[in-house]
Amino acid sequence: MIFLHRHRWATPYLLLLPGMAFLAVFFLVPTYYLANTSLQSGDLFSGYVFSWAWENYTDAVTRYQAQFLRSLQYAGLATLLAFLISYPLVYWIAFRGGRWKNLLLLFIIAPFFVTYLIRTLAWQTLLGDEGFVVQTLQTLHLLAEDGRLLATSTAVVAGITYNFLPFMALPIYVSLEQIDQRLIEAAEDLYASRVMAFLRVTFPLSLPGVFAGTLLTFIPAAGDFINAQLLGTPHQSMIGNVIQSKFKVIADYPEAAALSFVLMSAILVVVLVYARVLGSERLTG
Amino acid sequence: GGGGGGISAQTGAGGASTEVKQQLADTLVFANWPAYIDKKGSSRPTLEKFTAETGVNVKYIQEVNDNEEWFGKYQAQLSQGQDVDRDIVVLTDWMAARMIRLGYVQKKDKSAIPNEANLVEALQNPAWDPNRDYSLPWQSGLTGIGYNPKFTGGPVTSVEQLLTDSKLKGKVTCLTEMPDTMGLVMQAQGADPTKVEPAAFDSAIDMLQQAVDSGQIRRFTGNDYLQDFPAGSTWAAMTWSGDVAQLQSDTPGLEWVIPDDGGMIWTDNMLIPTGGDVFTASTYMNFVYDPKVAAEIEAWVNYICPVEGAKEELAKIDPSLAKNPQIFPDEETLAQVKLFDAEAADNTDLKEKFQAVIGV
Amino acid sequence: MAVEERVEPSATSGGEASAPDVRLESVTKRFDEVVAVDELTLEVPHGRFFALLGPSGCGKTTTLRMIGGFEEPTEGTIYLGDRDVTGLPPYKRDVNTVFQSYALFPHLTIFENVAFGLRRRGIKGENLRKQAIRILELVQLSGMERRKPRQLSGGQQQRVALARALVNSPRVLLLDEPLGALDLKLRKEMQLFIKALQQDLGITFIHVTHDQEEAMTMADSIAVMSDGHIEQLGSPDDLYERPSTPFVARFLGVSNLLEGVSNGDGSVRLDDGTVVRAPGAQGRQGPVAVGIRPEKIRIGRTDENALSGEVKERAYIGVSTQYIVSTPQGPISVYVQNSEAGAAAVHPGDQVTLSWSPDSTFVVDSEKARSE
Amino acid sequence: MAVEERVEPSATSGGEASAPDVRLESVTKRFDEVVAVDELTLEVPHGRFFALLGPSGCGKTTTLRMIGGFEEPTEGTIYLGDRDVTGLPPYKRDVNTVFQSYALFPHLTIFENVAFGLRRRGIKGENLRKQAIRILELVQLSGMERRKPRQLSGGQQQRVALARALVNSPRVLLLDEPLGALDLKLRKEMQLFIKALQQDLGITFIHVTHDQEEAMTMADSIAVMSDGHIEQLGSPDDLYERPSTPFVARFLGVSNLLEGVSNGDGSVRLDDGTVVRAPGAQGRQGPVAVGIRPEKIRIGRTDENALSGEVKERAYIGVSTQYIVSTPQGPISVYVQNSEAGAAAVHPGDQVTLSWSPDSTFVVDSEKARSE
Amino acid sequence: MTTAAERLPARRTSGLLVRALRFVRHHLLTVYAMLAFAYLLLPIAVVIVFSFNNPAGKFNIVWQGFTFDNWLHPFNSPDVQQAVTVSVQIAALSSVIATALGTFIALALVRYRFRGNGATNLLIFLPMATPEIVLGASLLTLFLNNPLGVLPPLGFGTVLIAHIMFCISYVVVTVKARLVGFDRHLEEAAMDLGANEVTTFLRVTLPLIAPAILAGALLSFALSVDDFVITYLNSGSVVTFPLYVWGAARTEISPAINVIGSAIFFIAIAIMLVNVLWQWRRQPKGAV
Ligand SMILES: Nc1ncnc2c1ncn2[C@@H]1O[C@H](COP(=O)(O)OP(=O)(O)OP(=O)(O)O)[C@@H](O)[C@H]1O
Ligand SMILES: Nc1ncnc2c1ncn2[C@@H]1O[C@H](COP(=O)(O)OP(=O)(O)OP(=O)(O)O)[C@@H](O)[C@H]1O
Ligand SMILES: [Mg+2]
Ligand SMILES: [Mg+2]
């Protein structure tokens, strides 16, 4: 005990050591290996060897531009949709939920408790050409007679939106929940109508949550391949599908690794631009 | 690899190196495709019979959903010469060829498989394993067209129709297995899939690409077309013969045909991966090459049986099945189907072209 | 914006002194079972510094929030000037509020905080800038425009909150314990500052507090609240010198209450038999309590009313020395101002006589009689 | 447990009054660049109620935390009795702390909170129960044993915090603004309660506060801190009547400081030419400030030292009335105790003469001279 | 103020229009919220409803008829049972380990000021900011290379490692969020009362942060049970429940999958519900 007390400075490091060592070995080292792999060349039969093969990157960028763009586009769209759906919802819970808040919140994370694949399969059932959603929409003439939902980009985006919505909703909820009610009263006291009070006070104050939510939604969405695979067609395949197939089907590991890195950088760029646009200072305020 | 990693598929330590000990192991681990062996309730009669006869327990794993996927999963371990804890795995011709080429499999103990004599003649000498030193067919199958007349309104009998008939737009699926899809398309263009010419392949790719671009083809599937038919999402598709019975139970009225321009035939082969117990595996191979056992499996699986004499045995169990040309194809049927060029099937260039069409 | 709908443009608010700025007519507010405000009737004339004083939970904040429009009364009517505003939302009322914890917008600069109300009323450009700058000068915060609230000290934040409300020249400014979060020194400073500001501007201030010293220093009129109703309303010295209930006597400063029986001729026989003169008891019969403030009691027999006892405690607090003297009537507090350095002092254990002038007494209902 | 290792068993702590209970020897504490405590030397004798008083950020809490063992001094030595405890962890020191926000364990009942320290020293069963019950009686919380802290009011929580510390019979009890979170009324009550408790127990209390009135009411000795060092140390009236620096004069109560030049004979020529007598200036030459407390000034020329001016403000605060009088020497505060009901009063605008006795003055360094 | 406005009936004609508008506005938001809930819960409802389906063939896609059989025999195939068992084992192990490691990190980050704080935070954030496929892929390259030859072959061990890895960050974030509000004086008070570092941790810190730790553990468990992508890449020959669903879905969608999916859902909801109710009890209505 005395030892612990005397060496108080060491305590944080002792606490960090096991976890950080684990992350270092199983996150940083793999990243290094991935980087290494991405610069290898060769083929499955003769083996892949490290050779500064930057062409893997040029290849990745040029050949799969469409999928990259589509991934960013779908992820962006899904993020936007998730935001539009979840913001009013969590706003309602945070400000109208009263005693039931925690219970209502439970409904938001409910999808998490049904295995990812199962809920995506449920979407398949729901959106099936003979399913009731399509039939209803067709009866209402919102969808052409020969129209379909499954195997369209609509389905893929809807699936992605659905699967990552809780990631958007929870941080926004947290930031809304933390807003001091008196600030809204103060705004109304200063002649802001409810709408203005929302626009000028509530919304700006919830931006940190929106920021966190968009990142937590956008990042996994951009790398997803399940939704495109189960709900889409070749026209909807995303970069995640390509990486997946390079790893598991074509066994072209260097190319797959290069694609992974390009994906990470693309996400990083989008995130940085986004942070810049939103203004990082406002976020901390 | 040294100097900082990388994965490579250097030839494994397998091959025919070690002496085979003639002693049965306690357990046989058998990796197979789903729904590819006889089943009664929750028991598997032929496997139980094997256990009863030899005392070897069978651990049956339905883990092969896709050749590539299975290969991808174990490639790393196999390339390092590691045991993957599988005594038998069933893979399609071209993948079996790849496994052998990479040295990821062991030679059978032929002395333990006298029943190999029952192997149908047509399958005895594939180019990639001329003496069947490593492999033994499990089942063969045909690739053709399945369609649901309820929706299509009439028969769909050609690949041409499948890929261009606007009535079917968006309700057609093709297979992610390149040899199947490309084999059918190439035949539709009058090309020969047994010996793939790059130009013919490219032209078939173009045709397929057009069908994808026009929205005719909804998506590419493994045997998950099985669920698209009953859901009504798919009206006509490239499908495998053995699934017809299956499809018909979920989608009454479903029809299956060999396309006018010709279908494909393929074989799934039993292999003994590195680390597998050769003697036990060989003993099991011998067991299933007993026509009686083969017939029993066939009665449930409905693919094409590679075992001579099984037809007769099956006739004793279910005469109507024995007459089914999809299970015991007659000469006429066999004349309509071709085997895809095994080398082309594993050609990275061609594969990438095909992958590009299917979107990845 | 809401500008045309505003109850009365602020320009005229200084005009007619006739109608009171704020009027509550038997206003009741119930939260489920709790009656927070109970048939309260109240008028606040124009230009007044009005304090709502009372213990925690007596309904001060609720009253203020109803005036501000943040709560709707369960019953009763609220007028601003002569207009009924009972159902109007806050942004349609010509009052502004300084919230207890300031409620400054953390994401906006000081300037934008102050400009918030102006912008909502459509004021723009140079006009806006001028008004905001002027009010920031008034609260001595020039040069802080670009800071964010968290970069200011408590007292400075307080002044921003004032500026943000005052810049709108409201008819009435509501302040809910605006100094509660400040430390003693700063609180004293801000009391003077706010008082001076009110005098300069001539706007009606309604100030909620539970600190009686604060209310007395700042307000012209004080309403002492208890349990949702007003116990007494008057000027600070009215309330202090002539409290009308034991509650007010105790809540505003320290009171020694001596129980006794009045015979109606201005003298009261205390429970121990002593008779004291109390002009306030004139005309009252029966049990009463005679009140006397600690600072009005002298040590030594120098006046008409007297009691003897023993000094129990002595506490030196700089300005004055406070004694507790135990008498047959119970413990009595006495404050002696330390007007002379080292003034002769009595000590615990000393026997002393306490005396006070009859004019310094007040009379309230006996608490014993009440509780019996 | 740690019981054998404790610095000194509490039983003997009342024994020898020779060594001071707490001694700090040129203790310095630096946080990165900030010097929180600067070469502080201090002795607290046994049985004393000792207050550390000073403005926010002057290092009071840091000093207390070093005594408690929560911070280690950058330099210097700390003794408890005659034992050097500088490097020892809190659980090896015979002191206990009452934290500002009480720091009661929310997951434990009141009983378990109080028993926590006893259990750590291996006390069990009936013995433990008796001690805990006894101390809870002492702080008037019998019957609350089974409650959780959040089920108690602020004042009750305060008393639990006291009980939890006192049950261990520490050599010294440290209190860091223990009353800061309570409201005025309750704060006054608890001041008396804690003071009485200390007198009963005879344990040394070190009490940190920035409220000078609190310090003056409660403490025997006060150390006024500023910027990490002690400005002046003494009894409350010492500090109040004879502050030795302008800082102390201003921090403890209100002081009127009149700048002037002393000629060494006990009289000071003020800047406007007036000469006032100030015995404290005897023997001092050059610029000084003469201090005089507002309550020591009379309105009217009744004493030797006098100044004339005009009444600017008047505030009635019940006990007294406070005036600000503007004079050639600057504004001067004057307090008049309201000893008589409706005592004759002066009003803003009136010209008055202020006077005070030379004995009521004190002399400190001139601030002007200092800043120049 | 919304509460007051909502509870009171319109009392005054002057404010009637305003009130009506306000009511509609509240109503709109509520309707929107209900629709959003429907969107969230519809697929779950489908999963649950189809767990009672009695499909004619192997595909539980078209509604055929109601039956309880699926619930009576959820493990009709030994493969399902084994997959579920593996999933639960991995989830239990990985959540325990990740929670322990993550809690320590969170403690260090919140409690201590130390050099390398920024780098630590970054290393916590990065795994969350990396798409799963990339995480899975890079881990796969590591396991394939097996640098010192000490790593297990692809299988149970590698899946466990992968799950622990991606759960740690989430645990750190969850526990940290609750630790920030933790009053440090409580620990000082314990030490002041004679408790050494270890006793303080066990008697004061641990009981108080237990809810946070539990939340972290539940989150890890949920993430682990649900993970497909990373597991898919690193599983070797072991089959977790999601992998089973993935494989099985190609040839057979049995109601058993729905039954297990629904069961996981119900169990999770029940646990959360108990937690919510427990918190209600701990903070009775009137308490401050
Ligand atoms: N929103 C509410 N719901 C239920 N009861 C409430 C609500 N607001 C106030 N009350 C109750 O109404 C009573 C009066 O509360 P109010 O806040 O007006 O008191 P206060 O005089 O401002 O007290 P304090 O000095 O503590 O601020 C209290 O009993 C309080 O508990
Ligand atoms: N942990 C710390 N790290 C850095 N600076 C500190 C720390 N603790 C205190 N300080 C600084 O040391 C100085 C003295 O702080 P301390 O808390 O002792 O003041 P205090 O007299 O108790 O003030 P208050 O009345 O506001 O509590 C302050 O300037 C403060 O900012
Ligand atoms: Mg209040
Ligand atoms: Mg402090």
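Naming convention: chains lettered A, B, ... in sequence-line order (proteins, then strands); numbering from 1 in each chain.
- Looking at A:Met20, both its backbone and its side chain come within 4.5 Å of chain E, counting heavy atoms on both sides.
- Contacts between A:Val25 and chain E at a heavy-atom distance below 4.5 Å involve the backbone alone (N, CA, C, O).
- Within residues 108-117 of chain A, the residues approaching chain E closer than 4.5 Å by heavy atoms are, in numerical order, A:Ile108, A:Ile109, A:Ala110, A:Pro111, A:Phe112, A:Phe113, A:Val114, A:Thr115, A:Tyr116, A:Leu117.
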Going by atom type alone, with no hydrogens or angles, which donor-acceptor pairs under 3.5 Å involve a side-chain atom of residues 99-112 of chain E and a protein atom two or more places apart or on another chain?
| residue | atom | partner | partner atom | Å |
| --- | --- | --- | --- | --- |
| E:Thr99 | OG1 | E:Ser95 | O | 2.4 |
| E:Thr103 | OG1 | E:Thr99 | O | 2.5 |
| E:Arg111 | NH1 | E:Glu187 | OE1 | 2.6 |
| E:Arg111 | NH1 | E:Glu187 | OE2 | 2.6 |

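- Taking both residues in full, the closest heavy atoms of A:Ile219 and E:Met128 are given as CG2-O, 4.2 Å, listed atom of the first, atom of the second, then distance.
- Only the side chain of A:Tyr91 comes within less than 4.5 Å of a heavy atom of chain E; its backbone N, CA, C and O stay farther away.
- Heavy atoms of A:Leu104 lying under 4.5 Å from chain E belong to its backbone as well as its side chain.
- With a 4.5 Å cut-off on non-hydrogen atoms, A:Ile85 touches chain E through its backbone and its side chain both.
- Checked against ring pair (Phe, Tyr, Trp, His ring centres under 6.0 Å), E:Phe228 has the following partners two or more places apart in sequence or in another chain: E:Tyr232, E:Trp246.
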Apply side-chain contact (heavy atoms from CB on, under 4.5 Å) to the pair A:Phe247 and E:Ile133, showing each step before the final yes or no. CA-CA 10 Å; A:Phe247 260 111; E:Ile133 183 122; 5.7 Å; no
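- Heavy atoms of A:Leu105 lying under 4.5 Å from chain E are absent altogether.
- Counting heavy atoms from C-beta outward, A:Leu103 and E:Leu273 have side chains that approach closer than 4.5 Å.
- Contact annotation: the side chain of E:Leu151 approaches that of A:Phe26 to within less than 4.5 Å [non-hydrogen atoms, C-beta and beyond].
- For E:Ile161, the parts sitting under 4.5 Å from any heavy atom of chain A are the backbone and the side chain alike.
- For E:Asn121, the side chain to side chain donor-acceptor pair (under 3.5 Å) partners two or more places apart in sequence, or in a different chain, are E:Asn117, E:Lys176.
- Heavy atoms closer than 4.5 Å to chain E are found nowhere in A:Leu17, neither backbone nor side chain.
- Within the 4.5 Å cutoff, side-chain heavy atoms of E:Asp226 are placed close to those of A:Arg119.
- Both the backbone and the side chain of A:Ile118 come within less than 4.5 Å of a heavy atom in chain E.
- No part of A:Ser71 comes within reach of chain E, as not one of its non-hydrogen atoms sits under 4.5 angstrom from that chain.
- Between chain A and the options E:Ile97, E:Leu233, E:Ile267, E:Leu135, heavy-atom pairs under 4.5 Å are most frequent for E:Leu233.
- Using a 4.5 Å cut-off between heavy atoms, A:Phe225 touches chain E through its side chain atoms alone.
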